[in-house]
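Heads up, the thing below is written out as structure tokens.
In what follows, chains carry the letters A, B, and so on, assigned in the order in which the sequence lines appear, proteins first and then strands, with residues in each chain numbered from 1.
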Protein chains: 2
Amino acid sequence: MTSKPNVRQPSHVACRDCSLSSLCLPLALSLQDIDQLDRIIKRGRPLKKGEHLFLEGDSFDSVFAVRSGAIKTYTATNEGEEQITSFYLPSEILGLSGMDTDVYPVSAQAMETTMICEIPFEQLESLSDQFPELRRHLMRLMSKKIREDQQMMMLLSKKNADERIATFLINLASRFRRRGFSSQSFRLAMSRNEMGNYLGLAVETVSRVFTRFQKNGLIYAVGKEIEIRDPAQLCQLAGGKTVDAEQIISAS
Amino acid sequence: MTSKPNVRQPSHVACRDCSLSSLCLPLALSLQDIDQLDRIIKRGRPLKKGEHLFLEGDSFDSVFAVRSGAIKTYTATNEGEEQITSFYLPSEILGLSGMDTDVYPVSAQAMETTMICEIPFEQLESLSDQFPELRRHLMRLMSKKIREDQQMMMLLSKKNADERIATFLINLASRFRRRGFSSQSFRLAMSRNEMGNYLGLAVETVSRVFTRFQKNGLIYAVGKEIEIRDPAQLCQLAGGKTVDAEQIISAS
DNA sequence: ATACGACTTTGAGGCCACTCAATGACGTCA
DNA sequence: TGACGTCATTGAGTGGCCTCAAAGTCGTAT
């Protein structure tokens, strides 16, 4: 929009030097093949909070990897309100759901200052022709997304407010952990409002549950800073059998 | 289980002779290439109502296409109850969500007598190596599934009982229509219980909504036979902007 | 430092869908 | 054909979460 931004963090880290490569697309490629992926990746300036990566209805050209920061995707309900469909953390890939309609079915917006790697889909497809493993990885990504969405459907149709929020916190914790951050103590990128929107709850309900969890020693929360105090009980609320839950318990 | 069943319908229709080929996997292939797909497809005996195609946790070996009948997929909630995740009608493909874990994340059960085409995944993958278009089609299928699941999440988190059931009926009608059946009048494969389970509603609520819809002239329902009397209003309840809705309106 | 807006918390009250319970309809099998 | 089990319907009562409202807190920009 204005002149080139003054970025402290180098904006052009190659995949081979990126600390996230073992979680991101490159994990499907050998060291020498990574460079080919690297060449098609576009790394733009950081997005500021509130800026959009793409809008619902934009033509589907690329998939994106989050390098730092956080992205939310959302769509409009029939009444024109926003319905958040996903939150994306560093190393996670978004945009794939646009593939079969040639337009993105959701909008993607930065929730804080965010760095993004853009992978033009057409070139990704030709690369997939060369590297079957990359192709399989893409399909696994989508398959995983389907499973996660089904977990989410289960949450929305069967869980009460306490269970929803416990599940959400445990899930976030586990994702932070995989990325080398603390799973006990972290900062939420989203507001209570956004959390409620995503979880199918009113803001007030989210707030009340947080208060109650804190009163009962499950968590300690100040604003967006969260500390998980009783992972075991939180996991149990979330419905212990999930892998996520076990990961956190083992981390404590 | 017993001797070979006496099937009225020929159990070994080749893809090229199957009336569903234009909706199913073959749509990605040219006429001569279809035969290659055809050779890897296994067509077993029909499943009787209640029989399982696979169980949650079974090793992921194949994807399946429904040829006739209907399949539901479900998983167990933490309390051990069944949570239905999808219904599949003829020409629809299921099983793809097992891809990234090597086990099926759900169980699949016949809701009525059902004929199935089984496509061993390993062979489907090698075929994909030969035919980029087949590969793209598979990815589009998954992408579509993701979009549908997100519609479902929206339904579960934002819609009330009336809207959920209207959406469900409109969606079914549109799927029947695509398959050349009437979209005005059809037979539900699922019980009220299963419908409620899928839609996140109690059976009693489903029943009450059906009664009310009937009283208001939106539908006429006797048991599992459904007639859509006022597609426009039903679409509006479902949240008019969906493509499904428009299709039905244009059909009336 | 201060003022403003955005976000969060807390309370009061109401509604929608759930649960429990009982009756009615359907389909199936002996 | 009758008896049984399953499924569907209807009613009464309850509770969890929503809505509305107001006060409190935080962050930010001037």
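- In the set D:dT19, C:dA17, D:dT10, D:dT19 carries the atom at the smallest distance from any side-chain atom of A:Arg208.
- For B:Gln214 and D:dA8, the CD to P distance is 14 Å, given to the nearest whole Å.
- Straight-line distance from the NZ atom of A:Lys224 to the C1' atom of C:dT9: 15 Å, rounded to whole Å.
- Classified by interplanar angle (parallel below 30°, tilted 30° to 60°, perpendicular above 60°), the ring pair B:Phe181/B:Phe176 is perpendicular.
- Summarising the geometry of B:Lys224 relative to B:Met190, their closest heavy-atom pair is CE-O, 3.6 Å, with the distance given to 0.1 Å.
- Distances from the side chain of B:Glu204 to the nucleotides D:dA8, C:dT8, C:dT19 place C:dT19 closest.
- Look at CZ on A:Arg187: it is 11 Å from C1' on D:dC26, rounded to the nearest Å.
- In this structure, B:Thr205 does not reach the C:dC16 phosphate: none of its side-chain N or O atoms is under 4.0 Å from OP1 or OP2.
- Set against C:dA17, D:dT9, C:dT10, the side chain of B:Val203 has D:dT9 as its closest nucleotide.
- Look at A:Arg192 and you'll find a side-chain N or O under 4.0 angstrom from OP1 or OP2 of C:dT9.
- Rounded to whole Å, the distance from CG on A:Asn197 to P on D:dT19 is 12 Å.
- The residue among A:Gly200 and B:Glu194 whose nearest nucleotide of DNA chain D is located toward the 5' end is B:Glu194.
- Distance OH/A:Tyr88 to CZ/A:Phe64: 12.0 Å, rounded to 0.5 Å.
- The side chain of B:Asn193 sits closest to D:dA8 out of D:dA8, C:dC18, D:dC18.
- One cannot find a donor-acceptor pair under 3.5 Å joining the base of C:dT10 and the side-chain atoms of A:Arg212.
- One can place CZ of A:Phe210 at 16 Å from P of C:dC7, the figure rounded to the nearest angstrom.
- Between A:Ser207 and the phosphate of C:dT8, there is no side-chain N or O to OP1/OP2 separation shorter than 4.0 Å.
- As a whole-Å value, the separation of A:Met195 CE from C:dA6 C1' is 16 Å.
- Atom-to-atom, CD of A:Glu112 to P of C:dC7 comes out at 15 Å; the value is rounded to the nearest Å.
- The residues B:Lys158 and A:Glu79 are annotated as not salt-bridged, no charged nitrogen and carboxylate oxygen being separated by less than 4.0 angstrom.
- Following rounding to the nearest Å, B:Ile226 (CD1) and D:dA8 (P) show an atom-to-atom distance of 11 Å.
- For the pair A:Glu204 and A:Arg208, the salt-bridge criterion is not met [side-chain N within less than 4.0 Å of a carboxylate O].
- For A:Ser191, counting side-chain heavy atoms from C-beta on, the closest listed nucleotide (C:dC7, D:dC17, D:dT10) is C:dC7.
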